[in-house]
2 protein chains.
Amino acid sequence: MLEHMRDYYTPGEIAERFDLTLDTLRYYEKAGLLRRVDRAPSGHRRYRTDDVELLHLIRCLRDTDMPIARLREFAELVRDGDHTIPERLEVLQEHKNRLDDRIAELVDRQGAIEHKIDYYLGVLAERAAETAHTLKDVN
Amino acid sequence: MLEHMRDYYTPGEIAERFDLTLDTLRYYEKAGLLRRVDRAPSGHRRYRTDDVELLHLIRCLRDTDMPIARLREFAELVRDGDHTIPERLEVLQEHKNRLDDRIAELVDRQGAIEHKIDYYLGVLAERAAETAHTLKDVN
DNA sequence: CCTTGACCTGGAGCGCACTCCAGGTCCCAT
DNA sequence: ATGGGACCTGGAGTGCGCTCCAGGTCAAGG
């Protein structure tokens, strides 16, 4: 249990945990998705628990194609404190709407592609039947 | 009925129909997604019914994030004739698998985002309740 | 004859999200 | 003290998918 309550995480640990490269992690920081991260005396970054939590959400939103710029706006709201919760909510709800639409679109196209696959399968089946027929005639 | 059987369509018509720009249409042709399209004596493009059909599928596959390079491969198979149907089938099936996975991922993230929205809504509700309570005390 | 509008060409440019690199520091183990 | 590994910096480069542009042609209408 205590292992899970560590105060700090190294860049390598974070990169592995979120399947990001160190470069991407630094890029996110530069882009303002993360606050200026803490440092060890060596100068190496040390991520805190709340960085991890925010990264979790960031990952989730990026995976659903929220652009970096929008993500930065959201991260700024988080940094500005609890009074921005209504605005954060608005961002998330708007994103969810987009996502719902996108999923609906993908499902729709999925159907069309399936249909095309079935069509091709039908062509192949017919072709196979014809070949069988020919063989029957010949033999 | 006869209107729908026209032999040729102008670039403008096609662009509108598929919600693509003329630039994109030309880009697709250069990229090998479409064969070298027919021309009017003036040099203007004239799209045939089978261009339209292929574009339909291309649009569907692009909308589901098939990369241009893969689309070009597919288009080449189409140009190579009916004997490539098994390979086309493979491309489509592999793409459908990717798409299924992608949809599953999005739905998963959708749930996480919804959860976060609910969390924020909870915070706001609690805050509203506290305010009401304070007012009650004061009044 | 002149304008307008649709389209043509080749090639440059753009926005996004990384990704890579050179050259450096720090710390630990052999 | 030497080597290796993890990490640092600023800045350049990459890949993708368009998107824009200059300068032109062509056909129809006034």
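First the proteins, then the strands, lettered A, B, ... as listed; each starts at 1. Just so you know, these numbers come straight off a predicted model, no measurement behind them.
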According to a strict under-4.0 Å criterion, is A:R62 in side-chain N/O contact with OP1 or OP2 of C:dA17? yes
Could you give the CD-to-C1' distance, from B:E13 to C:dC7, as a whole number of Å? 13 Å
Look at atom CD of A:E16 and say whether more than 12 heavy atoms of other residues, nucleotides or ligands are closer to it than 6.0 Å. no
Atom-to-atom span, CG of A:L22 to C1' of D:dG5 - whole angstrom: 12 Å
Would you say CD of A:E90 has more than 12 non-hydrogen atoms from neighbouring residues, nucleotides or ligands within 6.0 angstrom? no
By side-chain hydrogen bond (donor to acceptor under 3.5 Å, both in side chains), B:D65 pairs with (sequence neighbours left out) A:R102
Side-chain atoms of residues 27-39 of chain B: list all donor-acceptor pairs with protein atoms under 3.5 Å, sequence neighbours left out, distances to 0.1 Å.
| from | atom 1 | to | atom 2 | distance (Å) |
| --- | --- | --- | --- | --- |
| B:E29 | OE1 | B:R45 | NE | 2.6 |
| B:E29 | OE2 | B:V37 | N | 3.2 |
| B:R35 | NH1 | B:D51 | OD1 | 2.4 |
| B:R35 | NH1 | B:D51 | OD2 | 2.8 |
| B:R35 | NH2 | B:D38 | OD1 | 2.7 |
| B:R35 | NH2 | B:D38 | OD2 | 3.4 |
| B:D38 | OD2 | B:Y8 | OH | 3.4 |
| B:R39 | NH1 | B:G43 | O | 2.8 |

How many whole angstroms separate atom CG of A:L25 from atom P of D:dC7? 10 Å
Taking DNA chain D as the partner, which of residues 66-78 of chain B come within under 4.0 angstrom of it by heavy atom? B:P67, B:I68
What does the inter-axis angle of the helix from C:dC1-D:dG30 to C:dT30-D:dA1 come out as, five pairs per end, nearest 10 degrees? 10°
Between C:dC18 (C1') and A:Y28 (OH): distance, integer Å: 8 Å
In whole Å, I'd like the distance from the CD atom of B:E29 to the P atom of D:dC18. 15 Å
Checking A:D80 now: which residues fulfil side chain to side chain contact (heavy atoms under 4.5 Å, CB included) with it, not counting sequence neighbours? A:H83, A:T84
For A:V52, all residues meeting side chain to side chain contact (heavy atoms under 4.5 Å, CB included), sequence neighbours excluded: A:Y9, A:I14, A:R17, A:F18
Distance, rounded to the nearest Å, where B:R36 contributes CZ and C:dC8 contributes P: 11 Å
With sequence neighbours excluded, residues passing side-chain hydrogen bond (donor to acceptor under 3.5 Å, both in side chains) with A:H95: A:T64
Check whether any side-chain nitrogen or oxygen of B:R39 sits under 4.0 Å from OP1 or OP2 of D:dC26, and answer yes or no. no
Length of the CG-P vector between A:L20 and C:dC18, whole Å: 8 Å
With sequence neighbours excluded, tell me which residues meet side-chain hydrogen bond (donor to acceptor under 3.5 Å, both in side chains) with A:E73. A:R70
Could you pull out every donor-acceptor pair under 3.5 Å between side chains of residues 111-129 of chain B and any protein atom, sequence neighbours left out?
| from | atom 1 | to | atom 2 | distance (Å) |
| --- | --- | --- | --- | --- |
| B:Y120 | OH | A:R88 | NH1 | 3.0 |
| B:R127 | NH2 | A:D82 | O | 3.2 |

How close or far is atom C1' of D:dC18 from atom CG of B:D63, stated in whole angstroms? 15 Å
Quick one: side chain to side chain contact (heavy atoms under 4.5 Å, CB included) partners of A:E76, sequence neighbours excluded? A:R72, A:R79
For a quick check of understanding: with a heavy-atom distance under 4.0 Å over all strands, which category does A:R46 fall into, base, sugar-phosphate or nothing? nothing
Would you please name every residue forming a side-chain hydrogen bond (donor to acceptor under 3.5 Å, both in side chains) with B:D101, sequence neighbours left out? none
Is there any protein nitrogen or oxygen under 3.5 Å from a nitrogen or oxygen in nucleotides 19-28 of chain C, and what are the pairs?
| from | atom 1 | to | atom 2 | distance (Å) |
| --- | --- | --- | --- | --- |
| C:dC20 | N4 | A:D23 | OD1 | 3.1 |

